[in-house]
Number of protein chains: 2
Amino acid sequence: MKIANYAQLALLLTYSLSVVSTVPAQRSITARVLPNELNLMPVPASVQPQPGRLAITNAFTVATKGYADDRLRANINRMTRRLAGRTVLTLPLELAVDENTATLVVQCTGAANPVPSLNEDESYSLEITDKQARLNAPTVVGAIRGLETFLQLLSADRDGYYLSGVRINDRPRFPWRGLLIDVARHFQPLDVLKRNLDGMAAVKLNVFHWHLSEDQGFRVESKKFPKLHTMGSDGLYYTQDQVREIIAYAADRGIRVMPEFDIPGHSTSWLVGYPELGSAPGPYKIERGAGIFEPVLDPTRDQTYKFLDGFLGEMAALFPDAYLHIGGDENEGKQWDRNPQIQAFMKEKGIKDNHALQAYFNQRILKILQKYGKKMIGWEEILHGDLPKDAVIHSWRGPGSLAEAARKGYNGILSAGYYIDLIFPASQHYRADPLPADTTLTPDEAKHVLGGEATMWSEWVSPDTIDSRIWPRTAAIAERLWSPRTVTDVDDMYRRLAVISRQLEELGLTHEKNYPVLLRRLSNSENIGPLATLASVLEPVKEYRRYQVRPQTMISPLTGLVDAARPDSEAARQFASMVEGMLGDVPRYRLYRSEIRDSLAGWRDAGTALDLMIDRAPGLEEARPLARNLADVAATGLEAMDHLTTGDVATIMWRDAQLAKLDEAAKPKAALELVIIPAVRKLVIAAAEVSPAK
Amino acid sequence: MKIANYAQLALLLTYSLSVVSTVPAQRSITARVLPNELNLMPVPASVQPQPGRLAITNAFTVATKGYADDRLRANINRMTRRLAGRTVLTLPLELAVDENTATLVVQCTGAANPVPSLNEDESYSLEITDKQARLNAPTVVGAIRGLETFLQLLSADRDGYYLSGVRINDRPRFPWRGLLIDVARHFQPLDVLKRNLDGMAAVKLNVFHWHLSEDQGFRVESKKFPKLHTMGSDGLYYTQDQVREIIAYAADRGIRVMPEFDIPGHSTSWLVGYPELGSAPGPYKIERGAGIFEPVLDPTRDQTYKFLDGFLGEMAALFPDAYLHIGGDENEGKQWDRNPQIQAFMKEKGIKDNHALQAYFNQRILKILQKYGKKMIGWEEILHGDLPKDAVIHSWRGPGSLAEAARKGYNGILSAGYYIDLIFPASQHYRADPLPADTTLTPDEAKHVLGGEATMWSEWVSPDTIDSRIWPRTAAIAERLWSPRTVTDVDDMYRRLAVISRQLEELGLTHEKNYPVLLRRLSNSENIGPLATLASVLEPVKEYRRYQVRPQTMISPLTGLVDAARPDSEAARQFASMVEGMLGDVPRYRLYRSEIRDSLAGWRDAGTALDLMIDRAPGLEEARPLARNLADVAATGLEAMDHLTTGDVATIMWRDAQLAKLDEAAKPKAALELVIIPAVRKLVIAAAEVSPAK
């Protein structure tokens with residue numbers, strides 16, 4: 001291959017990157033949510049700029065005042081290490097003794113609960129002057145939140161690193177701000193969990209919802225019932241020591257760890273070792289597929305409750321959080337329908353349908369949990385008449401169930417709108433609000449809305465790709481749950497998200513760095529230019545379509561182009577923004593005309609180069625139609641630009657032919673969508689319009 | 001910043017990458033060490049191409065024949081997962097039952113030692129036909145080595161993935177092929193060790209030398225003497241469970257784990273908790289500096305040996321390997337000189353100097369080790385008259401001590417030449433041979449040369465950067481220790497190293513992927529183009545100069561440009577190769593003239609762009625002179641190219657002025673060297689010569 005080609009290709013690739021950088025620069029002219037170009041995420045409740053700036057040099061020190069404990073000191077040390085890493089300054093390991101000369105003084109009024117709890121006071125205030133930074137908090141957890149804000153305030157210019165003068169008063173809008181990680185469908189090793197806990201702490205999330213059992217795997221050691229993990233996990237499970245390690249790691253960051261054991265459905269992996277708990281005779285095998293499966297615990301036999309009493313008692317002792325999540329979702333009861341003994345039981349007890357039978361089951365589980373001092377939380381299916389008022393409803397199908405529960409006096413949390421596995425853009429998650437402005441709940445009812453959780457279901461993520469599905473989008477959800485409801489500027493959110501995403505890397509998160517790794521492996525080459533160009537304008541298909549159009553199993557490798565491609569294509573978003581600006585004839589967007597053309601030319605040429613690359617990389621064969629579509633769509637866009645630039649209005653016949661081609665190209669291939677097509681459609685339509693703007 | 005600039009910058013950056021790709025393509029015309037474009041590393045003892053090719057499809061299965069155990073099955077499973085990852089094929093978890101229809105049949109004659117040992121038979125043979133692959137080995141460890149070769153044979157073309165027909169008979173040249181990782185100066189968490197053990201197995205290394213104690217840290221839990229790890233480690237140590245976990249992980253890959261406890265010097269961290277063991281009264285603090293320090297155990301008191309008997313007994317039980325490394329290096333004995341009791345002891349016993357006193361100490365340690373069934377190994381300083389013949393000499397200062405030991409009948413291993421922390425290129429390590437062609441040892445003496453070890457001393461590596469110091473260069477050392485002595489083609493080594501380096505990524509090694517992470521953090525930007533261009537032609541200063549010119553401590557952040565920059569600049573190597581070819585007027589190198597010019601132009605422009613970038617990134621301020629040097633050196637090179645291209649011979653005055661500027665630019669800044677200068681010097685000198693080639 002000639003060097004000239006590679007140079008061109010790289011040039012093309014780079015346009016998409018450089019577009020990313022230039023558009024936010026333009027955007028910065030518009031109003032900001034935060035003053036002084038601050039890149040805080042989540043946005044604090046109150047931020048007031050002050051004069052002065054505090055220099056960060058190798059004389060930086062931290063002192064504590066008032067209450068201090070090992071957790072606070074550990075957090076200060078970690079913050080200092082990260083600050084040192086960013087500034088390349090050698091900063092001390094020890095706290096300063098003299099409060100007056102310390103750069104940062106952290107003053108806590110008291111401890112926090114050693115086990116983080118729902119009602120923790122997470123508030124803090126932070127004042128930066130040119131002399132000192134003062135962080136005040138009623139609890140250590142408040143101080144931990146404030147230390148993250150302190151780090152986010154770091155700025156730099158020719159004179160060095162500094163923090164601008166500011167006065168921040170901050171507290172969360174909702175007390176329950178979670179991330180669910182499903183470690184059952186694809187097991188996630190400890191280091192994946194730890195780096196994600198670090199990421200959670202960086203954006204002030206405070207609940208790690210650990211989804212530990214599924215049809216596809218049982219992931220925690222049970223000493224009472226060892227066949228759960230030995231037969232239900234392929235050897236991929238957490239020992240109880242490791243569970244304690246994660247709980248301590250999370251507590252150190254002010255994060256609750258709430259376990260979920262999904263029952264009575266989603267339980268195939270339990271039944272591999274204990275088929276006698278099932279509603280059909282078995283034998284059972286670990287499920288390798290994706291979807292909803294029939295195996296379900298038998299709710300009619302005392303043996304089932306005896307087992308669950310033993311098991312939940314063991315887990316209640318292992319997990320200190322006040323809540324235990326019982327799942328309860330997606331049980332279709334097909335095994336119940338076919339089991340004569342279960343049918344006889346229902347008749348005898350006057351249980352009229354499967355929903356009522358599950359309510360009966362939940363009632364008995366509830367008593368077990370109460371016995372072990374735990375509050376019950378479950379997916380919205382658990383909401384029924386006789387549920388006690390301290391149960392929590394976890395809404396996943398829509399915000400309606402959350403409001404309904406609140407009206408009935410139940411606490412609830414929202415995950416509908418926060419399903420990050422479904423590949424929707426951050427902007428969409430950002431708009432989902434547990435308590436939207438137009439809520440019809442009364443203020444008292446609204447108090448039952450505790451917050452929400454992003455849900456990382458793991459059918460199609462490996463340890464190598466899971467971070468790219470969680471981050472950076474989850475930071476936008478974290479902001480929704482922490483910041484005032486009025487913080488809704490999507491452009492500003494994306495501007496800050498790009499900065500925070502880069503900072504998340506320092507915690508070891510791999511959402512950015514594993515992207516070229518996957519492309520290198522797929523292309524078997526260092527020179528991933530054309531492939532990266534293609535991947536940058538692709539997104540995996542949304543919702544549950546991936547499995548429908550490109551079925552795999554839980555043992556399939558997640559190393560395809562669909563796994564490398566990421567949600568929320570920044571290149572496509574910026575391209576659409578430029579097209580919109582140009583067509584709307586916003587004066588400052590006129591300059592984007594040549595950039596639009598360059599982007600399109602880059603895509604056209606990458607499409608051609610990809611054909612050669614795919615010849616050497618059979619794992620990319622499925623991407624060949626996408627490469628061709630990219631070239632064709634780009635060519636169409638360039639034709640449209642010719643019309644728009646010359647003022648030679650295109651014919652309706654040309655327009656319709658192009659739109660038909662775009663429709664064809666818009667169909668997913670290899671479970672991937674070419675997401676520049678809507679913007680190119682706009683160019684094509686505009687090319688055939690007589691417009692005063694031209 | 002205008003998009004046009006970014007495009008140009010990216011273009012420049014890309015040249016260095018594309019150069020990498022094109023030159024090997026040219027090289028491939030020349031003779032190869034291996035047939036059929038195979039990318040095996042280390043090169044097997046014998047490779048014979050055969051007709052046919054074996055397709056790898058989703059029908060791929062593996063069967064075992066003869067002996068099989070859990071270790072073999074685990075290795076087959078991991079190999080299959082990696083094969084699936086590379087090919088994006090869903091491959092089964094289970095072994096095939098029918099040997100006749102399996103794609104790969106693994107036939108072992110018997111088990112290997114459960115604890116890998118020095119005299120393990122690691123040989124195997126592998127035959128690929130268009131019907132089947134057959135891997136035969138006398139032991140499971142041999143099969144493990146063969147499975148890595150099998151994976152390296154994977155090829156691809158338009159028809160899919162396949163292995164070319166081949167017959168391989170393979171066995172190592174040396175039985176001791178190690179990697180030392182110093183986890184004491186900078187602690188390395190378990191996942192760093194595990195991914196490096198995976199990398200070691202991939203290139204058939206078989207000894208993990210775990211350097212566990214130093215002045216700067218004591219890294220293993222001692223239940224007998226807990227103040228060792230609690231007071232000597234900053235809380236950064238391995239529990240004994242974790243040690244067992246690493247030993248099992250290594251054994252599963254056929255790798256020995258040999259611990260080193262460096263005594264009597266290098267022992268400050270021991271003395272923090274147990275100052276009574278020292279030769280001076282103390283108190284002691286964990287050492288934060290780099291260098292050679294005075295603290296040393298007191299070899300004259302029985303209390304010392306009682307302690308070491310207890311401690312070494314505990315460690316001998318924890319580590320199953322037959323060898324225990326006692327260090328023994330770099331004790332200057334200054335504390336001994338100043339201690340009157342020690343001086344009196346020496347007088348009394350007739351010990352004439354510190355070397356003899358250390359020999360006395362070693363004799364007593366030897367007896368302790370023998371009592372616990374361990375053989376002693378130590379750095380070459382331990383070699384003295386009455387050392388028993390089963391001790392092993394570890395040569396670090398030069399190959400002479402290895403030969404001397406062998407002549408005296410001692411076994412030895414070589415690390416001189418393999419100090420990968422010193423930033424020398426792979427080619428240099430590759431040329432270091434434990435038994436060079438011109439050895440004067442007799443065949444019997446030569447048998448005492450057991451092999452060698454790459455040494456990753458960790459003064460200046462963090463968990464984020466250590467992989468980039470180990471890989472890919474250690475693969476070249478692995479080849480030196482495994483492959484026949486006659487395998488010495490450096491160009492072919494580099495060609496294969498680039499392929500293997502990419503494959504090492506699939507094991508989680510971060511040598512490639514953390515590079516842009518460090519540059520993003522340093523520049524506080526996504527758009528690292530100009531910085532990456534600069535970094536690609538920089539290397540950290542060699543040997544021990546880094547500390548001299550840019551002193552840091554063990555608590556300093558390793559996030560500077562010197563940490564991001566890597567040894568063995570590929571861009572500079574390829575540039576030098578093009579310049580040499582062009583000046584030598586090799587016909588096919590004529591085409592590189594324009595590439596040389598483009599590279600130079602790219603470097604010139606990056607230098608300018610960097611000034612703006614550094615204004616926003618104070619952590620890069622130290623790199624400003626390098627950026628300017630890059631621009632100036634490139635401009636000089638372009639001037640030289642003008643002369644060379646036009647045939648207008650430059651004046652001697654111009655030449656000398658340019659050479660003086662280059663000398664100035666060649667001086668290290670920020671502990672970094674601009675490694676394109678030697679090639680530019682050649683251009684400048686040629687520009688002022690009247691040559692028939694022009």
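Hydrogens, waters and symmetry mates are skipped; everything else that's a heavy atom, side chains included, is used.
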With a 4.5 angstrom heavy-atom cut-off, is it the side chain or the backbone of [X] that approaches chain B, or both, or neither?
X: P92(A); result: backbone
X: L89(A); result: backbone
X: D615(A); result: both
X: N58(A); result: neither
X: T87(A); result: backbone
X: R624(A); result: side chain

State the [atom1]-[atom2] distance between [X] and [Y], to the nearest 0.5 angstrom.
X: R521(B); Y: E505(A); atom1: CZ; atom2: CD; answer: 8.5 Å
X: S501(B); Y: R520(A); atom1: OG; atom2: CZ; answer: 8.5 Å
X: T559(B); Y: R81(A); atom1: OG1; atom2: CZ; answer: 11.0 Å
X: R288(B); Y: L93(A); atom1: CZ; atom2: CG; answer: 5.5 Å

Would you mind checking which part of [X] comes under 4.5 Å of any heavy atom in chain A, side chain (CB onward), backbone (N, CA, C, O), both or neither?
X: L91(B); answer: backbone
X: L561(B); answer: neither
X: N524(B); answer: both

When heavy-atom pairs shorter than 4.5 Å are enumerated against chain B, which of [options] gives the highest number?
options: Q552(A), R502(A), R86(A); result: R502(A)
options: A156(A), P557(A), A84(A); result: P557(A)
options: P516(A), G619(A), P618(A); result: P618(A)

Q) Could you walk me through whether K513(B) and N514(A) pass the side chain to side chain contact (heavy atoms under 4.5 Å, CB included) check? A) CA-CA 7 Å; K513(B) 71 183 180 180; N514(A) 275 359; 2.7 Å; yes
